[in-house]
Amino acid sequence: MYRTHHCGALRLEDAGKEVTLAGWVDISRNLGGMTFIDLRDRFGITQLAFNMEENVELCTQARKVGREWVLQATGIVRERSSKNANRATGEIEISVTSLQVLNSSKVPPFTIQDDTDGGDDIRMKYRYLDLRRNPVQQNILFRHKLAMETRKYLSDAEFIEVETPVLIKSTPEGARDFVVPSRINAGQFYALPQSPQTFKQLLMVSGFDRYFQIVKCFRDEDLRADRQPEFTQIDCEMSFVHQEDILNTFEGLTRHLFQTLKGIELLDFPRMQYDDAVRLYGSDKPDLRFGMEFKELNHLAKGKDFAIFDQAELIVGICAQGIADQFSNKDLNEMTDWVKRPQIGAGGLVYVRFNTDGSIKSTIGKFFSDEDLQLWASEFGAKAGDILFIMSGETDKVRKQLSELRLELGNRLGLRKSDEFKPLWVLDFPLLEWDETTERFYAMHHPFTSPKKADIPRMLNGDHETMKSLRADAYDLVINGVEIGGGSIRIHDRELQSKNFKLLGFTPEKAEDQFGFLMGAFEYGAPPHGGIAFGLDRLCAVLNGQNSIRDFIAFPKNNMGRDTMIDAPSAIDDVQLNELSIQLDIKK
RNA sequence: GGUGUUGUAGCUUAGUUGGUCUAAAGCGCCUGCCUGUCGAGCAGGAGAUCGUGGGUUCGAAUCCCACCAGCACCGCCA
């Protein structure tokens, strides 16, 4: 054994014991006659003390060690004469009697401390050093606990964890696949799973009843702060359940995780129709930490000779309460510029300021009398001191733009508090999504999603417009405006599944080729079933009030999908290419 | 594919309208002093062709162009 205790273990009651510790030199302080070394491991920091009067040779040796050297020290635990209240072990120190250097270290490229001076670039290149830092270790530890609590909760609820294959078959639907060439089957490729979707459905057919897996998923799409090419899902499927059973089960899991990991008792999990979410917040993942619901103004704002409104499909606005005094004209112009940026792409922004002195100031005063604007105010329930922000245009676009503005205002006004958590179930997503460019329907969730029972007759013999209006038994869990997870009740009937594939533009042959195994399975007594998957990385980030999932992944990839530490992806040898029967044709 | 933004000692930054910039500071590093430090202190020192390549200019860290890299976003992500 290299040690008797770890570096966070010893307390005043251990005084007098002979102990051996091992760890890294966090920092050393050479005071001349005395030298102190802070010895660090995952569990904490313990001070080693050396004294010239007690042992010249040992103290001289201690003076020579540098940061991040690996030491083993034996000595007696003793009470400190001057204590450090900021540290759990701050009442004691080790009076060292023997010191072994287990390994020396180069000076690290950035200092291993909580507030490191290293930028993202260098931290990623030396991720193994970044991972020595306490805040990052805490994140990884948090992730571990979340995974453990998830397993505990689901296992207690009769779910069993089953591993599904990573080398599977490519399908054209959905995200781009990562593919893996097969050496033995020249010219053929496996795909890495975007999710274990079909396998978990097959496990239901097999009678496992409740399945879960904490599993890597792979999608070859562009990255974001909250998107990695490989990410982890808490993937689940249940047999003999309705939507209600699934929502309750995973509401329970979510409560359990908040309770055990954060000590937070979540209040209610409100539910909202997808249509309402889009109408009231312009988003299928509204942040409910603050209000600012949309109000539509077509009936009040049209017919007043303001051409932009008269021509608009939708005129819609939000009310920011009590900010008239703190928002100057300059701020308002800034907001206008903000929504006009290419990323938002709005034509402009109309505002109505209800000043605290009772006067009304707006950008459209020429077209609307104060009486008109008072009608707007009562629509919003606006009072003196409030400002209305109004946008207009094509319905879908303007809702999206106003949603962005709402979130930005929430940020600027400090309404999106990182220690507040507002979960929301968004229900009844559309079954299909029409794509203008390819002129076909795509499954909004995935091709196995069941339409709502009431919509099945319409699905079987409806026209094009009817198809657009079909609702699915599909649901998302949203927390603080972040999509934590989603799922659906699945189709378990071969006929209905065939019809769905047909709507999605699959020929019977193509459907058979791609998903014949699943439809075949449905002919052998498939139970009604449904499931859900949570994004584990996002859940970690949201629970910690953070936006980026990268710090909850031990070895993440950068914006370009590169791992800068191991320098992947990389070219491979011609020999390897030959074995795989692959020739490169790289376009410049 | 597109937009924005950043790139200056090991690290984090400052650097005005181009001119004592022969590039500054803090941290880190090295040396010395120092017996109760814990962000130790004090004194001294080393360390940068300013992302790369062009261009403008008498003169470029600074202006222009291209490229490279990081970050954020749009498209994309059933």
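Quick caveat: nothing in here was measured; it's all calculated off a predicted structure. Letters go in sequence order (proteins before strands), and every chain restarts at 1.
- With A:E334 as the fixed residue, the salt bridge (charged side-chain N to carboxylate O under 4.0 Å, His left out) test singles out one of A:R341, A:R412, A:K340: A:R412.
- When the P atom of B:C29 is taken as reference, atom CZ of A:R29 falls 13 Å away, rounded to whole Å.
- Between A:F36 atom CZ and B:G41 atom P the separation is 15 Å, expressed in whole Å.
- Between A:N547 atom CG and A:R538 atom CZ the span is 10.0 Å, to the nearest 0.5 Å.
- Here B:A78 sits opposite no nucleotide as a Watson-Crick or G-U wobble pair (both hydrogen-bonding atom distances under 3.5 Å).
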Protein-nucleotides 30-35 of chain B N/O pairs under 3.5 Å:
residue	atom	partner	partner atom	Å
B:C34	O2	A:L31	O	3.4
B:C34	N3	A:N30	O	3.4
B:C34	N3	A:G32	N	3.3
B:C34	N4	A:N30	OD1	3.4
B:U35	OP2	A:G33	N	3.1
B:U35	N3	A:N51	OD1	3.0
B:U35	O4	A:N51	OD1	3.3
B:U35	O4	A:E53	N	3.4
B:U35	O4	A:E53	OE1	3.2
B:U35	O4	A:E53	OE2	2.7

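- The backbone N or O of A:P447 sits less than 3.5 Å from a side-chain atom of A:N500, completing a donor-acceptor pair.
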Please test A:R87 against A:D38 for salt bridge (Lys or Arg N to Asp or Glu O under 4.0 Å), starting from the C-alpha separation and ending with a verdict.
CA-CA 11 Å; A:R87 216 165 256 170; A:D38 286 345; 3.2 Å; yes

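- A distance of about 25 Å separates the P atoms of B:A78 and B:U3, rounded to the whole Å.
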Across nucleotides 68-78 of chain B, 5' to 3', mark each nucleotide with B, S or - according to how protein heavy atoms within less than 4.0 Å reach it.
--SBBBBBBBB

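- When rounded to the nearest whole Å, the span between CH2 of A:W338 and C1' of B:U3 equals 14 Å.
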The test is salt bridge (Lys or Arg N to Asp or Glu O under 4.0 Å); show your working for A:K510 and A:D513 and say whether it passes.
CA-CA 5 Å; A:K510 184 114 182 274; A:D513 178 52; over 6 Å; no

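- Within the structure, every pair that satisfies the salt bridge (charged side-chain N to carboxylate O under 4.0 Å, His left out) test and touches residues 43-60 of chain A, not counting sequence neighbours, is listed here: A:E54-A:R78.
- B:A24 and B:A14 have their C1' atoms separated by 7 Å, given to the nearest Å.
- Rounded to an integer number of Å, the gap from CG of A:D220 to P of B:G1 is 13 Å.
- Side-chain atoms of A:R133 come within 3.5 Å of backbone atoms of A:Q113 as a donor-acceptor pair (strictly under, hydrogens ignored).
- Atom CZ in A:R87 sits about 14 Å away from atom P in B:U37, given to the nearest Å.
- For B:U8 and B:C50, the C1' atoms lie 4 Å apart once the distance is rounded to whole Å.
- Under the Watson-Crick or G-U wobble criterion, with both distances below 3.5 Å, B:A69 is paired with B:U6.
- Taking 4.5 Å as the limit, some side-chain heavy atom of A:M459 sits within range of a side-chain heavy atom of A:K499.
- Proximity of a side-chain donor or acceptor of A:D41 to a complementary backbone N or O of A:W24 within less than 3.5 Å is not detected.
- Taking atom C1' on both nucleotides, B:C29 is separated from B:G4 by 37 Å, rounded to a whole Å.
- In terms of phosphate contacts, A:R67 brings a side-chain nitrogen or oxygen within less than 4.0 Å of OP1 or OP2 of B:C29.
- Nucleotides B:C64 and B:G7 have their P atoms positioned 14 Å apart, rounded to a whole Å.
- Here, B:A40 and B:C33 have their C1' atoms 14 Å apart, quoted to the whole Å.
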Table please: side-chain donor-acceptor pairs of residues 215-222 of chain A below 3.5 Å, with sequence neighbours left out.
residue	atom	partner	partner atom	Å
A:K216	NZ	A:E230	OE1	2.9
A:R219	NE	A:Q194	O	3.4
A:R219	NH2	A:Q194	O	3.2
A:E221	OE1	A:R176	NH1	2.6
A:E221	OE2	A:R176	N	2.9
A:E221	OE2	A:R176	NH1	3.4

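- Note: CD1 (A:I27) to C1' (B:C29) measures 12 Å, nearest angstrom.
- When the C1' atom of B:C27 is taken as reference, atom CD1 of A:I112 falls 14 Å away, rounded to whole Å.
- A 6.0 Å sphere centred on CG of A:D396 holds no more than 12 heavy atoms belonging to other residues, nucleotides or ligands.
- For the pair A:Q47 CD and B:G39 P, the interatomic distance rounds to 11 Å; values are reported in whole Å.
- Within the shown strands, nothing qualifies as a pairing partner of B:A61 under the Watson-Crick or G-U definition with both distances less than 3.5 Å.
- Shown here are the salt bridge (Lys or Arg N to Asp or Glu O under 4.0 Å) partners of A:K17, two or more places apart in sequence or in another chain: A:D14.
- A:K452 NZ: more than 12 foreign heavy atoms inside a 6.0 Å radius.
- The same atom, P, is picked in B:C65 and in B:A46; the two are 40 Å apart, to the nearest Å.
- Of all the residues in residues 72-84 of chain A, A:R78, A:R80, A:S81, A:S82, A:K83, A:N84 reach under 4.0 Å from RNA chain B with at least one non-hydrogen atom.
- B:G28 makes up no base pair with any nucleotide shown, lacking Watson-Crick or G-U wobble contacts both under 3.5 Å.
- Taking a pair to require two hydrogen-bonding distances under 3.5 Å in either a Watson-Crick or a G-U wobble arrangement, B:A14 remains unpaired.
- Taking the P atom of each, B:C30 and B:G47 are spaced 16 Å apart, rounded to whole Å.
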